[in-house]
Structure formats: structure tokens, C-alpha cells
Amino acid sequence: MDAAATPVYAVLPVRTGAARAEAVALAQEATRRLADHGVDHPTDRLIDRIRSQATITGLYDDGELAGCLVVHPGLDLPHRSRDWPGPGVWVSLIPPVPGHDDQATRLLTLWLADHAAQHGLEWVWWEVPATPQSRATLLALLRGLGWEDLPTARRADGEHLTPLRLRAERRPALTVAIFAADDALPLPAVSAR
């Protein structure tokens, strides 16, 4: 591939302590910016997962971390997925901020849909806090990126959440814009039914 055709974006595993610290800083900055817009989106759980040994995938823009996602363990799929069956993967992303460039979230969403489809999955799942002041603003942004919000659910600890789902869909044209390492996000292949 010649230099002119090299993708600007790369999807790579986040493994080092320094890269995880960058991801924590991105999540904290998104929380601050969302709060400036009256959107209450706590990221404590996301940050705890980033700091843990969870699988983390980063979107790099010309070598700089621009966004990331955390994969939740397969056995820990959200309870709401039972109501809308089909094989999927549960992730958490750093959410977009109103009035700011949402290119990182958009590209990660497109890449996730394609990557899940390549592995025989039907859905990508995500849950966001369902606080009244943030629901409309944040959900409007996420719907615009292709996420479908489902009825609000209550977790065992009493927290209200809005489950989201994204249909897995092949998007081969993404390879022009995004280079993805083979180990960027390992997912199990699902055998045909």
C-alpha cells in the first residue's frame, strides 16, 4: 500500500499503562464536557474497567488516541439482551459530546458494526445512564450514530440504565479510512444456526 493510500485512523489494542492512562483522561474529559452541557454521564465504571485488565481497543488518529471502547466479559451480557435475542458483544464507549467533533465515536461505531458482523455476531450492546436531564440529549447523538435505544432498565444495584443496541453490518469500505490490527478486538466466531 503506498503512502497516499495509508489510512489516517488505526484501531489497535490498548495494552500499556501509559495508553490506559490516556484512555482514562479521555473518559474524564468527556464527562467534564458533557456536564458543561447539562448531561450527567458518570464514567466511574468505565474508568474502573479501563484501569483493570479488561480488553480495550483504541482508535488512533495519526498516532494520537482519539477514542476507545472497553469489552465486557461475554458471560456478563446485559440482562436486556434476553428480550432481544441474538449473539452479540457488550461494550462501553466514551460517549460523544454535544457540539464537539464526534468523529471518533462515529468511526468506532461503524468499525464495531463491521467487526461484529465479520465474527458472525448480530448485535453490539451498550448501556448508558438513564438520568432525566441527559437522556434526550445524549440519546439523540447516539441515535444519529446508528445506536437504537431500548426501554430503560434497572440494574440490580438500583441504577437506571438505557440499553442500546447496534446491528452488526459489514462495511468493507472502512478499510480505506481505518487500519485495524488483527488483534484489535478479539471476538469469538459464531457458528451458523
Side-chain angles (χ1 to χ4, degrees), residues 1 5-15 19 23 26-27 30 45-46 49-50 53-62 65-96 101-128 138-153 161-193:
M1 182 181 287
T6 302
V8 174
Y9 298 97
V11 177
L12 306 168
V14 172
R15 293 195 177 110
L26 277 177
R45 289 173 198 238
L46 176 61
R49 286 196 167 99
I50 291 170
Q53 295 303 309
T55 300
I56 303 173
T57 299
L59 175 73
Y60 291 83
D61 180 354
D62 202 20
L65 186 65
C68 74
L69 63 93
V70 178
V71 180
H72 298 258
L75 297 176
D76 198 21
L77 280 170
H79 57 284
R80 298 298 293 179
S81 67
R82 288 192 300 267
D83 297 333
W84 295 276
V89 60
W90 183 20
V91 300
S92 291
L93 286 84
I94 295 174
D101 182 14
D102 61 5
Q103 185 72 349
T105 311
R106 181 178 308 284
L107 289 174
L108 277 172
T109 295
L110 291 170
W111 182 81
L112 265 171
D114 178 68
H115 192 65
Q118 287 180 40
H119 285 79
L121 302 177
E122 293 178 29
W123 302 104
V124 179
W125 298 94
W126 183 11
E127 290 181 334
V128 296
L138 184 56
L139 291 182
L141 288 171
L142 295 174
R143 283 186 206 112
L145 297 175
W147 292 91
E148 178 186 356
D149 54 297
L150 304 170
T152 299
L161 299 165
T162 300
L164 304 168
R165 69 178 178 180
L166 175 70
R167 183 175 295 280
E169 180 181 354
R170 293 297 301 263
R171 297 180 180 272
L174 277 180
T175 56
V176 175
I178 302 173
F179 163 79
D182 291 338
D183 61 348
L185 182 58
L187 294 175
V190 175
S191 34
R193 298 183 220 172

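Closest approach of Ala181 and Leu12 over heavy atoms only: CB-CD2, 3.7 Å. Listed here is the closest heavy atom pair of Gly120 and Pro87: O-CG, 4.0 Å. Nearest heavy-atom pair, Val14 versus Tyr60, reported as atom, atom and distance to 0.1 Å: CG2-OH, 3.9 Å. Nearest heavy-atom pair across Leu166 and Gly146 is CD1-O, 3.4 Å. The heavy-atom pair separating Ala66 from Asp61 by the smallest distance is CB-CB, 4.1 Å. Across every non-hydrogen atom of Ala177 and Pro7, the tightest pair is O-CB, 3.3 Å.
Taken to the nearest 0.5 Å, the CG atom of Leu139 stands 11.5 Å off from the CD atom of Glu148. Between the CD1 atom of Ile50 and the CG atom of Leu26 there is a distance of 8.0 Å, given to the nearest 0.5 Å.
In this structure, Arg167 has no side chain to side chain donor-acceptor pair (under 3.5 Å) partners at least two apart in sequence or on a different chain. With sequence neighbours left out, Trp147 forms a side chain to side chain donor-acceptor pair (under 3.5 Å) with Thr109. Taking the side-chain contact (heavy atoms from CB on, under 4.5 Å) definition, one finds that Leu174 meets it with Leu110, Trp111, Asp114, Arg171, Ile178, sequence neighbours left out. Taking the side chain to side chain donor-acceptor pair (under 3.5 Å) definition, one finds that Gln103 meets it with nothing, sequence neighbours left out. Partners of Ala117 by side-chain contact (heavy atoms from CB on, under 4.5 Å), not counting sequence neighbours, listed by chain and number: Ala168, Arg170.
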One pair to check against side chain to side chain contact (heavy atoms under 4.5 Å, CB included): Ile94 and Thr105. What are the steps and the verdict? CA-CA 7 Å; Ile94 295 174; Thr105 311; over 6 Å; no
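In this structure, Leu108 and Tyr9 have side chains that are not in contact, with every pair of non-hydrogen atoms separated by 4.5 Å or more. A 4.5 Å side-chain heavy-atom check between Leu142 and Pro96 finds at least one atom pair inside the cut-off. Between Leu59 and Leu69, the closest side-chain pair of non-hydrogen atoms is not below 4.5 Å. Between Trp126 and Val128 there is a side-chain heavy-atom pair separated by less than 4.5 Å. A 4.5 Å side-chain heavy-atom check between Leu185 and Leu112 finds at least one atom pair inside the cut-off.
Results of the side chain to side chain donor-acceptor pair (under 3.5 Å) test with Ser92 over Arg45, His72, Arg49 single out His72 as the only residue that passes.
Judged by distance alone, the side chain of Thr57 and the main-chain N or O of Ala184 form a donor-acceptor pair under 3.5 Å.
Listed by first and then second residue, the salt bridge (charged side-chain N to carboxylate O under 4.0 Å, His left out) pairs involving residues 175-184 are Arg15-Asp183 (not counting sequence neighbours).
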